[in-house]
Amino acid sequence: MRKLMLLGAALLVWPAAAHAQSGNNDIQGFGGLTVGTSTFGSAASPTFGGRVGVGLTDHIQLVGEAGRLADISSPLFDLLDFTDVGVSVSAFYGEGGVRFIASPHSAVRPYAEATAGFARLNAGISGIGGTAGAVVNTALNALNRTEPMLGAGAGVVLQGGPVSVDFGYRYKQISSGNAITSALNAGNPYKVNQVRVGIGFRF
């Protein structure tokens, strides 16, 4: 009998809790620019991806995100500026975390978030033609690894009706992993600053 009473109470509370979180769920696509902090004067490169947010309360979301970081810079890039040889490190990543955000009933919603996940580091080289270039790139591809990644960010969501626009900043740190990708960044983790804009839909 006690179990039935608890079940009945849970069934009564669940719709109220679900209603309270209505409007604090969203799905979003984003694009922007990334700049690696491992090198001085590094050029910005494009980034893109998507995210989903599920409201636990009016002010807390669970978030999941996947995307691509292109041309993560490293000290070796600076050394090769005077040559025709180009080295690139990019990453596809997936992560999850928690976002703390203003009320879903507000048109302007500042937020902050913390995330953790994994990134697939991909190293490549250009400017070496023929068989030698193909052999080097094949060798680099064989050594590509998935490494842990941590992230933090902040921004503001502007919303009207079901549509929202997200202006945000993210910081991501990726382990340099194996000997090759580690050497490309002087043994340091890859640190990336990301400025981006997202268009989303609330539900």
Side-chain angles (χ1 to χ4, degrees), residues 28-52 63-97 99 111-129 133-134 136-157 165-200:
Q28 178 189 112
F30 64 84
L33 297 174
T34 61
V35 178
T37 59
S38 301
T39 186
F40 298 102
S42 58
S45 57
T47 184
F48 62 86
R51 64 171 294 278
V52 62
V63 295
E65 179 175 310
R68 184 174 188 269
L69 304 171
D71 299 330
I72 304 171
S73 298
S74 71
L76 183 59
F77 287 77
D78 297 331
L79 297 176
L80 295 175
D81 279 347
F82 59 91
T83 75
D84 293 329
V85 177
V87 178
S88 64
V89 178
S90 61
F92 285 97
Y93 70 90
E95 60 183 351
R99 171 179 284 194
Y111 66 84
E113 67 180 38
T115 57
F118 295 91
R120 177 73 174 178
L121 290 170
N122 300 293
I125 192 166
S126 61
I128 301 177
V136 171
N137 277 302
T138 299
L140 290 176
N141 288 333
L143 294 172
N144 290 337
R145 293 291 185 274
T146 300
E147 299 296 337
M149 178 177 73
L150 297 175
V156 61
V157 174
V165 181
D166 184 341
F167 298 94
Y169 162 80
R170 302 292 186 276
Y171 169 80
K172 300 183 186 298
Q173 180 169 304
I174 309 170
S175 170
S176 56
N178 63 62
I180 295 297
T181 51
S182 178
L184 291 176
N185 207 38
N188 300 312
Y190 289 90
K191 301 176 182 180
V192 179
N193 292 294
Q194 183 182 76
V195 179
R196 68 195 205 186
V197 178
I199 304 295

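Computed from a predicted structure; not experimentally measured. One is the number of the first residue; the rest follow in order along the sequence.
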With sequence neighbours left out, the residues meeting side-chain hydrogen bond (donor to acceptor under 3.5 Å, both in side chains) with Gln194 are Thr47, Arg196
For Arg170, check side-chain hydrogen bond (donor to acceptor under 3.5 Å, both in side chains) against everything at least two apart and list the hits. Tyr111, Glu113
Between NZ of Lys172 and NZ of Lys191, what distance do you get to the nearest 0.5 Å?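 Answer rounded to 0.5 Å: 15.5 Å.
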Distance, nearest 0.5 Å, that separates CD of Glu65 from CD of Glu95: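 Reported to 0.5 Å precision, the distance equals 4.5 Å.
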Non-hydrogen atoms of Ser45 and Ala70 that approach each other most closely: OG-O, 2.5 Å
What pairs with Pro148 under side-chain contact (heavy atoms from CB on, under 4.5 Å), at least two apart in sequence or on another chain? Phe118, Ser175
For Val165, check side-chain contact (heavy atoms from CB on, under 4.5 Å) against everything at least two apart and list the hits. Phe167, Val197, Ile199
Can you find a heavy atom in the side chain of Leu121 that is under 4.5 Å from one in the side chain of Tyr190?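 Answer yes - side chains close enough.
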Keeping the roles fixed (side chain from Thr34, backbone from Val192), state whether a donor-acceptor pair exists under 3.5 Å.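 A pair under 3.5 Å: no.
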Could you go through residues 149-157 and list every donor-acceptor pair under 3.5 Å that involves a side-chain atom there, pairing it with any protein atom two or more places apart or in another chain?
none

